[in-house]
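Input: a single structure, listed below in structure tokens.
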Amino acid sequence: MNSSVTSASVDGSGPAHSAPEPGCSGPEPDAAGTAAGWLRVALDVPLRGLFDYRGRADQAPVGSRVIVPFGSRKMIGVVVEHPLNPDTPEDQVRDVEQYLPDTAPLPDAWLRMTAFAARYYQRPLGEVMLPSLPASLRKVSAYQGKRSAEGPVARLRKRKRKAQPVVQQDAPPSLNDEQRRAAEAIAEQQGFRTLLLHGVTGSGKTEVYLHAANAVLAAGRQVLFLVPEINLTPQFEQSLRARLAPVVGEDGLAILHSGLAEGERLDAWLRATEGKARILLGTRLSIFTPLPELGLIIVDEEHDTSYKQQEGLRYSARDLAVWRGYDAGVPVVLGSATPSLESWFRASNGSYDLLRLTKRARDVSLPGIRLVDTRRLQLQDGFSPHLLTAIGECLARKEQALVFLNRRGYAPVLRCNSCGWVSQCPRCTAHTVLHRGKGYRNFLQCHHCGYQAPVPRACPSCGDQDLKPMGRGTQRVEEVLGEYFQGARIARIDADSTRRKGSAAELFAQVHAGEVDILVGTQMVAKGHDFSRLGLVGVLNADSMLFAQDFRAPERLFAQLMQVSGRAGRHAGQGQVILQTDYPEQPVYQALLRHDYEGFARHTLQEREETGLPPYAHQALLTAEARELSAALAFLAQAGAQEGMPCADRVTLYDPVPLRVVRVANVERAQLLAESVERPALQAFLAAWSERLHAVGREHKVRWHLEVDPLEI
């Protein structure tokens with residue numbers, strides 16, 4: 001998509017449409033007698049367009065950072081162009097305040113990628129560029145003020161770097177025929193190609209990654225390795241250091257994610273961008289890190305929704321990885337036991353190469369899966385007798401058991417049996433969840449806005465003191481298991497138990513060391529982890545996702561269940577999975593019984609094609625937020641007018657509707673879906689539409705955002 005970028009006035013008032021006055025002789029000489037030039041700068045502000053400043057082009061090459069005045073503020077921006085003339089009257093153009101030469105100019109490849117992301121995801125260029133940089137490189141206070149010294153890079157250089165952990169080197173295991181063919185197929189790629197590595201859980205995808213990376217590193221190139229979540233980085237860091245340190249050196253690996261301290265992130269970013277780090281391991285934001293000698297991109301668990309950013313620039317790191325590989329002319333490997341249907345569709349039609357690993361790397365079978373029909377069973381604290389018996393037998397064999405429940409807290413809701421009152425968030429149209437704090441101090445918390453309140457002594461509606469928790473969360477399951485299996489060592493891993501930095505790594509280390517008998521966890525434990533002693537997986541409350549309104553819910557449920565099931569029996573074999581359900585006949589569960597991803601994908605893609613849903617159509621979602629729902633709906637109704645929009649005849653706009661959770665933090669929300677079977681037509685429409693939305697938004701005084709390729713509707 002080609003879209004021109006408008007210039008905007010530097011006072012922050014919005015786009016400036018005035019042309020330069022005729023007869024202007026150009027900028028005045030600076031104090032040294034050298035003619036200054038014009039700089040076009042991207043700033044992290046929610047205004048479309050770039051901003052013109054007067055400055056020395058020789059001191060501010062394209063890709064460099066500068067400090068500039070913007071209204072009454074000072075901001076750091078990125079120079080993206082040296083125009084012959086400004087797009088605003090020269091007497092309104094202000095001077096650059098400070099040049100920041102402590103880092104090399106950002107490379108052309110990075111500028112191309114951020115420009116593509118801005119165009120495709122319909123965001124101002126500055127809102128793409130600046131947030132992708134380490135925080136200290138975009139804060140004026142890091143360069144100006146009493147504590148700024150010579151800037152963050154100089155301060156970092158003066159510090160003594162932490163010694164990297166010494167990891168015992170591993171001898172590479174022998175690859176089986178399927179792994180060897182996959183590794184060779186990746187190594188044979190001389191330019192860009194996307195390869196989908198579909199391997200059953202435990203099939204040794206990591207070994208394929210390591211062999212492919214080793215070949216690229218030996219050729220003097222860099223490798224970008226993406227994982228979906230922070231808690232997966234320690235395991236992969238260990239593997240990478242153990243196998244590839246002889247090739248890249250002890251300091252050749254950089255780790256990059258949002259959980260790092262500011263200095264740690266800057267250090268990793270600098271080492272990667274300067275080429276000192278040969279491997280960059282990170283989460284989704286790492287896709288924007290400049291790598292001067294990039295030779296291979298690996299995206300593990302490519303199906304995972306964590307690769308999609310849900311705030312600000314709503315980008316997909318997986319999709320940008322494919323574009324970056326295309327732009328750099330290097331292969332991209334997408335790996336998963338349950339590929340996204342979009343990736344599987346592209347592999348099926350030949351756009352991607354499909355590499356299959358159909359059996360586990362070790363000589364062990366896939367776990368046996370058993371569906372327990374709970375419709376006629378008397379459950380004991382949410383557990384079927386079958387599952388409780390299986391856990392007991394597992395413990396007797398000195399194996400570990402995992403109980404999976406994707407619902408944190410103690411109970412989803414607190415209820416009064418007398419009048420039917422249920423705990424409700426006063427700021428959201430959602431229930432508050434019952435949590436147990438330290439010392440069994442109970443509190444209610446909203447998982448949407450964070451609101452907390454103590455548990456009432458009596459029902460606020462009728463005064464009855466007999467309030468009961470309804471349903472179960474991971475805290476309650478942990479408590480119940482402690483009562484049934486006294487003496488068993490139980491650990492819970494969820495967002496509540498891993499809030500402290502490093503706590504997730506500590507808990508996983510305990511599991512790997514055999515210091516845990518029963519692990520209770522949410523989706524944090526479902527993917528990527530190789531538990532050597534785990535013999536049993538029990539799944540509770542999977543049915544809650546069966547009938548969700550989102551058409552992607554069955555796909556997410558199948559992937560989640562297949563991934564968590566794959567944790568069992570990875571080393572010793574004889575793994576067992578027990579799934580409790582009221583609907584054992586559902587196609588999702590029947591495909592799971594057979595470990596039949598391909599059958600599930602074929603069935604689901606057929607349904608998607610018949611109903612015209614992605615990947616057979618392309619979508620964008622416009623969401624509006626206002627104090628009153630009527631204001632949000634009015635904005636969307638006016639925004640839905642398509643008169644004069646390019647490609648409007650090939651784009652369908654659906655009626656505005658409230659979100660399922662309408663109110664969050666006292667803000668009402670509604671959405672409007674745009675859809676087209678032609679991606680170029682949708683992009684052309686969105687480019688013009690987003691211009692109109694800015695004007696309509698100011699008129700209605702609502703907050704809005706436009707998300708391209710939404711994952712949740």
Side-chain angles (χ1 to χ4, degrees), residues 1 3 46-48 117-124 127 305 308-316 319 342 428-430 448 548-553 608 611-713:
M1 181 193 74
S3 97
L47 297 172
R48 299 181 68 82
R119 291 194 305 270
Y120 186 80
Y121 293 108
Q122 305 297 326
R123 300 292 293 192
E127 288 192 338
T305 57
K308 185 70 186 291
Q309 170 74 12
Q310 296 299 325
E311 296 177 354
L313 173 70
R314 288 165 164 78
Y315 67 94
S316 165
D319 295 348
E342 286 79 7
C428 307
T429 50
H448 293 275
Q549 294 175 331
D550 192 343
F551 70 88
R552 284 191 173 89
R608 298 271 186 95
T611 53
L613 291 169
Y616 299 94
H618 309 284
Q619 298 177 330
L621 190 66
L622 176 62
T623 303
E625 300 177 349
R627 288 294 179 183
E628 300 292 336
L629 180 60
S630 57
L633 290 172
F635 162 78
L636 293 176
Q638 185 171 343
Q642 302 185 56
E643 294 83 1
M645 292 290 105
C647 302
D649 59 329
R650 287 175 280 168
V651 176
T652 300
L653 292 184
Y654 293 90
D655 292 336
V657 292
L659 269 70
R660 182 178 59 83
V661 180
V662 178
R663 187 175 68 256
V664 171
N666 291 321
V667 174
E668 307 281 343
R669 309 180 303 163
Q671 63 186 20
L672 183 155
L673 180 66
E675 188 176 76
S676 176
V677 295
E678 303 174 42
R679 191 190 297 276
L682 180 62
Q683 280 290 311
F685 175 84
L686 294 178
W689 197 36
S690 58
E691 293 279 0
R692 173 183 290 182
L693 293 176
H694 282 273
V696 178
R698 286 193 295 270
E699 178 183 339
H700 285 270
K701 297 181 179 179
V702 301
R703 292 181 57 189
W704 60 271
H705 59 258
L706 183 62
E707 180 177 5
V708 181
D709 301 332
L711 290 186
E712 293 188 25
I713 299 175

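Residue numbers count from 1 along this sequence.
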Given the rule in the side-chain contact (heavy atoms from CB on, under 4.5 Å) test, do Val677 and His618 qualify, once you have shown the distances and angles that lead to the verdict? CA-CA 6 Å; Val677 295; His618 309 284; 5.9 Å; no
Starting from the C-alpha separation in whole Å, work towards a yes-or-no answer on side-chain contact (heavy atoms from CB on, under 4.5 Å) for Leu673 and Leu653. CA-CA 6 Å; Leu673 180 66; Leu653 292 184; over 6 Å; no
Please determine whether side-chain contact (heavy atoms from CB on, under 4.5 Å) holds for the pair Val708 and Leu686, giving the CA-CA distance in whole Å, both sets of side-chain angles, and the decisive distance to 0.1 Å. CA-CA 9 Å; Val708 181; Leu686 294 178; 3.9 Å; yes
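Contacts of Arg650 classified as salt bridge (Lys or Arg N to Asp or Glu O under 4.0 Å), with partners at least two apart in sequence or in another chain: Glu678. Shown here are the ring-ring contact (aromatic ring centres under 6.0 Å, His included) partners of Tyr121, two or more places apart in sequence or in another chain: there are none. Partners of Phe551 by ring-ring contact (aromatic ring centres under 6.0 Å, His included), not counting sequence neighbours: none found. Remark: Tyr654 engages Glu675 in a side-chain hydrogen bond (donor to acceptor under 3.5 Å, both in side chains) (not counting sequence neighbours). Annotation: side-chain hydrogen bond (donor to acceptor under 3.5 Å, both in side chains) contacts of His448 (sequence neighbours excluded): none. The salt bridge (Lys or Arg N to Asp or Glu O under 4.0 Å) test applied to Arg123 returns Glu127, not counting sequence neighbours. Residues passing the side chain to side chain contact (heavy atoms under 4.5 Å, CB included) test with Ala632 are Ala624, Ala626, Ala670, sequence neighbours excluded. For the side-chain hydrogen bond (donor to acceptor under 3.5 Å, both in side chains) test, residues two or more places apart in sequence or in another chain that qualify with Arg608 are Glu555. Applying the side-chain hydrogen bond (donor to acceptor under 3.5 Å, both in side chains) test to Thr623 and every residue at least two apart in sequence or in another chain returns nothing.
Screening residues 672-691 for ring-ring contact (aromatic ring centres under 6.0 Å, His included) gives Phe685-Trp689 as the qualifying pairs, with residues at least two apart or on separate chains. Counting only residues at least two apart or in different chains, side-chain hydrogen bond (donor to acceptor under 3.5 Å, both in side chains) contacts with residues 626-639 comprise Gln638-Glu699, Gln638-His700. For residues 701-713, the set of pairs meeting the side-chain hydrogen bond (donor to acceptor under 3.5 Å, both in side chains) definition, not counting sequence neighbours, comprises Tyr120-Asp709, Lys308-Glu707, Arg314-His705.
Between Leu693 atom CG and Gln122 atom CD the span is 9.5 Å, to the nearest 0.5 Å. Summarising the geometry, atom CD belonging to Glu625 is positioned 6.5 Å from atom CZ belonging to Arg669; distances are rounded to the nearest 0.5 Å.
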